Amino acid sequence: MVPNPMPNLATDFSFGLFNVDSLAPHGVCLLWRPELIWLHLVSDALTGLAYWSIPIVLLVVAIRRRDLVLPWAIELFALFILACGATHFLSIWTLWHPDYGVQGAVKAITALVSVVTAIALWPMLPRVLALPSSAALAAANAALSAEIAERQDAERRLAGFFEHLSDALFVVREDAGGFLFETVNPSFCRLFGTSREAIEGREPARLLEDAAAAELLAAFAGCLASGMARDWDSTVATASGTRHWHTVLVPLPATEGEPRRLLGSLRDVTAVRRLQADLVEAARRATIGAMCAGVAHEMSQPVNIISLWADRARGTMDAAADRPRKAIGVILGQTRRLGALLERMRELSRETPGEAGTFDAAVAAGAAVEVARRAWALDRVEISYEATGPVPVHGRAAQFEQALLNLLENAKDAVLRRRRSEPEAPAQIQVTLQAGPQPGQVTLAVQDSGGGVPAALGSRILEPFVTSKDPGEGTGLGLPIAAGILRDMGGRLGWLNRGAGAVFQVALPLATPPEERPA
């Protein structure tokens, strides 16, 4: 006798769940009444189609918009709705086929997904409620748009400020241990007389001398290291002469991953520094002039008395007293020289009578050069003169001629002094009037072949009583008097050694024609 096998509960359950032998289709329950069959068929079909179309839309949105809040929740909803649609299609199937086990399994899956979705919804509730409404999003978007427009307007104003400011502005960035000009404004280009293409992306050494570039690079590095704004004054030698600049540096806010940058401004304060120097020089000159006038006044009477009594004493001497008469003659000669010196001292503080006006500097310079040629013809000094047409300037023609004669006399003494030590040395003086370094200016230059100004006297050569001549040959007042006259005409007398001698030059402003003067 064969024993009965042990029953398999899982197999029996699944066999019984999907066994349809003893079941009737759902249509039997509806007595196959057509109106009921069609009602259930159409309703379940439309509902199932709608359920299956909705998750397709949700899945497309979830896949293409991964930036949405809680995209997994959308996918969970799509799965839940898809399962619900499947139950409706199975309801149509069971109208004719009693596969209630399959329908129940699909409903179980739908129930599981429904429970998971319901459980996941509650923790999501605070986050969903915290989402801004469409009105709030619209208001935030409007505020953001207004802020963007305001910032763009500010950037445009800043760009206009950067482009049109009279100060030279520049931005430099740190690059491989050095610095490069990133951008500059038109004023910067005008200051250096070059284009943006020649500056941007280049190092400061491309624009400045080595010493000035090294000073600027050290300032860049110090400003970045300290993180503080700094400013300083510097003096730079350029092709147009010595310039004085005031520089300001400000570190720009740093952005991660970007090189550090500095915003700088460069202002040419040469005119201000020269004005300050002129005021100091004018005060010093006034003090020296007042002192010289007082000394000349106090000394003139004793000198006159000495000269008078010496002349009387010589008149009463016997003609045979040769040596005493010679001694009296030396005294008279030195008193006359002292009197001439006192007269030159008075000129430092004396105001020339007469109104200043416009005159042709070319004509006045030509007259002064002709006087010097006639006076020094026996000294074999060659004087050349070159001028470019009429040169209208404002001042007093007599004073201008006096200043030029003082410069010519200084040059003549220099070439003759060199000739005494070098008999074959040329004795040449060249006077030129040509266009100045700036529009509306003319440059007067007196160049000699006298060996140049000694380095020991260079910084004081224009001061009163300072001279490179031997004792007894000069008073040291000719150049200060000339400098004072030319300063009153709006110029600054300067000098430099060039070639075999020195050049004394001054840039004078041209007189403005009456029709061009402001009303």
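Given the structure is predicted, the values throughout are model-derived calculations rather than measurements.
- Within the 4.5 Å cutoff, no side-chain heavy atoms of C189 are placed close to those of S195.
- In this structure, the side chains of L180 and E203 come closer than 4.5 Å at one or more pairs of heavy atoms.
- The side-chain heavy atoms of T443 and V506, taken from C-beta on, include no pair separated by under 4.5 Å.
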Item to check | side-chain contact (heavy atoms from CB on, under 4.5 Å) evaluation trace for V446 with Q505 | outcome: CA-CA 6 Å; V446 178; Q505 60 185 16; over 6 Å; no
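- Scanning both residues, P204 and F220, for their nearest heavy atoms gives CG-CE1, 4.1 Å.
- Aromatic ring orientation, H88 versus Y51: perpendicular (interplanar angle above 60°, classes split at 30° and 60°).
- Looking at F89 and L49, their side chains come closer than 4.5 Å, going by heavy atoms from C-beta outward.
- Here the side chain of D167 pairs no donor or acceptor atom with the backbone of S265 at under 3.5 angstrom.
- Contact detail for A445 and V503: the closest heavy-atom pair is CB-CG1, 4.2 Å.
- In terms of heavy-atom proximity, A403 sits nearest to A482 at O-CB, 3.6 Å.
- Using the six-membered ring where Trp is involved, W32 and W96 have ring planes that are tilted, between 30° and 60° apart.
- Note that CD of E258 is 12.0 Å distant from CG of L252, once rounded to the nearest 0.5 Å.
- A salt bridge does not link R261 with E174: every distance from a Lys NZ or Arg NE/NH1/NH2 to an Asp or Glu carboxylate oxygen is 4.0 Å or more.
- Ring geometry, F359 versus F400: the interplanar angle falls from 30° to 60°, so the pair is classed tilted.
- Counting heavy atoms from C-beta outward, F170 and L249 have side chains that approach closer than 4.5 Å.
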Checklist entry - Does the pair T432 and L444 meet the rule for a side-chain contact (heavy atoms from CB on, under 4.5 Å), with working shown? => result CA-CA 6 Å; T432 58; L444 169 67; over 6 Å; no
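- W52 is not listed as a side-chain neighbour of I56, based on a closest heavy-atom distance of 4.5 Å or more.
- The CG atom of L95 lies 10.0 Å from the SG atom of C29; values are rounded to the nearest 0.5 Å.
- Using a 4.5 Å heavy-atom threshold, the side chains of F179 and L224 count as touching.
- Separation of atoms CG (D488) and CZ (R396) is listed at 8.0 Å; rounding is to 0.5 Å.
- Atom CZ of R267 has 12 or fewer neighbouring heavy atoms from other residues, nucleotides or ligands inside a 6.0 Å radius.
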Item to check | Test side-chain contact (heavy atoms from CB on, under 4.5 Å) applied to V442 and L433, step by step | outcome: CA-CA 7 Å; V442 62; L433 269 174; 3.9 Å; yes
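- V184 pairs with exactly one of L169, I199, V172, V171 by the side chain to side chain contact (heavy atoms under 4.5 Å, CB included) rule, that one being I199.
- Note: L82 CG to S53 OG = 10.5 Å, rounded to the nearest 0.5 Å.
- When every heavy atom of M489 is checked against every heavy atom of G395, the shortest pair comes out as CG-CA, 4.4 Å.
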Next on the checklist: Set out, in order, the CA-CA distance, both residues' side-chain angles and the distance that settles side-chain contact (heavy atoms from CB on, under 4.5 Å) for L407 and L493, then state yes or no.
Outcome noted: CA-CA 10 Å; L407 296 177; L493 182 63; 4.0 Å; yes
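- Atoms CZ and CZ, from F181 and R202 in turn, are 12.0 Å apart once rounded to the nearest 0.5 Å.
- Looking at Q447 and F504, their side chains never come closer than 4.5 Å, going by heavy atoms from C-beta outward.
- Listed here is the closest heavy atom pair of I92 and L41: CG2-CD1, 3.1 Å.
- No side-chain donor-acceptor contact under 3.5 Å links D99 to the backbone of V102.
- Of all the heavy atoms in A83 and V106, the pair that sits closest is O-CG1, 4.3 Å.
- Atom CD in E35 sits 10.5 Å away from atom NE2 in H40 (nearest 0.5 Å).
- Side-chain contact check for S91 and Q103: at least one donor-acceptor pair (N or O, by modelled atom type) lies under 3.5 Å.
- Using modelled atom types, one side-chain atom of D360 and one backbone atom of V391 make a donor-acceptor pair closer than 3.5 Å.
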